[in-house]
Each structure stands twice: as C-alpha cells, then as structure tokens.
Amino acid sequence: MFKEILQKLENAANPVAQVVQNTSCSKVMVIAFKKGMILKEHKTDVPAKLLVIKGNVIYKEENQQNELFLYDEQEIQVAVLHSVEALEDSLCLLFKG
C-alpha cells in the first residue's frame, strides 16, 4: 500500500490520498506529500486526527498554525477550515470518525 501511494506521488502535482480502511463508523487514510505540496483548505464533517509517520508538515487553521514532526498528532475539529503544507517529503495517517 505505501509503495503504491509513493509511486503515484512521483508524478503528482498535489498530495496523494488513499483509503486504508473504511467501516460504518470510521475511516483511515494515508496522505503522501512531496516537499512544498499543500492540501488546500477544507472542512471535515466528522472529528479527525492527523498523525505524521514520516517528514514534517504544518497544520493551519484560521489564525493559527502548528508544526508537526514525526509521530506528532493533531486533532481536527468538525467544520473548521484547515490546510496542511509539507515542509519536507511526508506521510501522514488521517483517522476519521
């Protein structure tokens, strides 16, 4: 799974996301970034958590930002506009639900 997403990332202009697990009550996704890529502003409709498993990203919401390093976690609140920017090649897991 990780090899596949990293291969897709080689030719991608934007972050690449893939669902790892999807059940009736939760979803887990992996998101891959090249340095400088931005996951544009969006909102979630369910509580979520972002976990960095490789690299370094900045999580931004409204008037604040939080730099996340290896194994750092970020809670993502429902209906809050947010974005993620990769400061280096990065992999993140996103847990929803």
Legend entry - Contact summary for Met37 and Ala12, nearest pair of heavy atoms: CE-O, 3.3 Å

Inset, instruction - List in chain and number order the residues that pass salt bridge (charged side-chain N to carboxylate O under 4.0 Å, His left out) with Glu88, two or more places apart in sequence or in another chain; answer none if no residue qualifies. - result: none

Inset, instruction - Output all residues satisfying ring pair (Phe, Tyr, Trp, His ring centres under 6.0 Å) with Phe95, sequence neighbours left out; order by chain, then residue number. - result: none

Legend entry - Euclidean distance, Asp72 CG relative to Glu67 CD, rounded to 0.5 Å: 9.0 Å

Inset, instruction - Name all residues meeting the salt bridge (charged side-chain N to carboxylate O under 4.0 Å, His left out) criterion together with Lys27; count only those two or more places apart in sequence or in a different chain, and write none if there are none. - result: none

Inset, instruction - Decide yes or no for Leu9 and Lys34: does some side-chain heavy atom of the first lie under 4.5 Å from some side-chain heavy atom of the second? - result: yes

Inset, instruction - Measure the CG-CD distance between Asn66 and Glu61 for me, rounded to the nearest 0.5 Å. - result: 9.0 Å

Legend entry - Distance-minimising heavy-atom pair for Tyr59 and Glu75: OH-O, 4.3 Å

Inset, instruction - Over all heavy atoms of both residues, which pair between Pro47 and Val78 is shortest? Give the atoms and the distance, please. - result: N-CG2, 3.4 Å

Inset, instruction - Would you confirm whether His82, through its side chain, and His42, through its main-chain N or O, come within 3.5 Å as a donor-acceptor pair? - result: yes

Legend entry - Inter-residue atom distance Lys43.NZ - Gln77.CD, 0.5 Å rounding: 13.5 Å

Legend entry - Separation of Glu73 CD from Leu51 CG (nearest 0.5 Å): 5.5 Å

Inset, instruction - Quick one: list whatever passes salt bridge (charged side-chain N to carboxylate O under 4.0 Å, His left out) with Glu62, sequence neighbours left out. - result: none

Inset, instruction - Identify the two heavy atoms, one from Val46 and one from Gly97, that lie closest to each other, and give their separation to 0.1 Å. - result: CG2-N, 3.8 Å

Legend entry - Among Val57, Ile31, Leu70, side chain to side chain contact (heavy atoms under 4.5 Å, CB included) partner for Ser90: Val57

Legend entry - Euclidean distance, Ile5 CD1 relative to Lys3 NZ, rounded to 0.5 Å: 15.0 Å

Inset, instruction - With sequence neighbours left out, write down each residue that passes salt bridge (charged side-chain N to carboxylate O under 4.0 Å, His left out) with Lys96, or none if nothing qualifies. - result: none

Legend entry - Point-to-point distance, once rounded to the nearest 0.5 Å, from CG of Asp89 to CG of Asn56: 11.0 Å

Legend entry - Partners meeting side-chain hydrogen bond (donor to acceptor under 3.5 Å, both in side chains) with Glu41 (sequence neighbours left out): none

Inset, instruction - Taking all heavy atoms of Phe2 and all of Ile53, pick out the closest pair and write down the distance. - result: CE2-CD1, 3.8 Å

Legend entry - For Val30 against Val20, the heavy-atom pair lying closest together: N-CG2, 3.9 Å

Inset, instruction - Could you walk me through whether Glu4 and Lys8 pass side-chain contact (heavy atoms from CB on, under 4.5 Å), step by step? - result: CA-CA 6 Å; Glu4 180 182 324; Lys8 289 180 183 177; 3.5 Å; yes

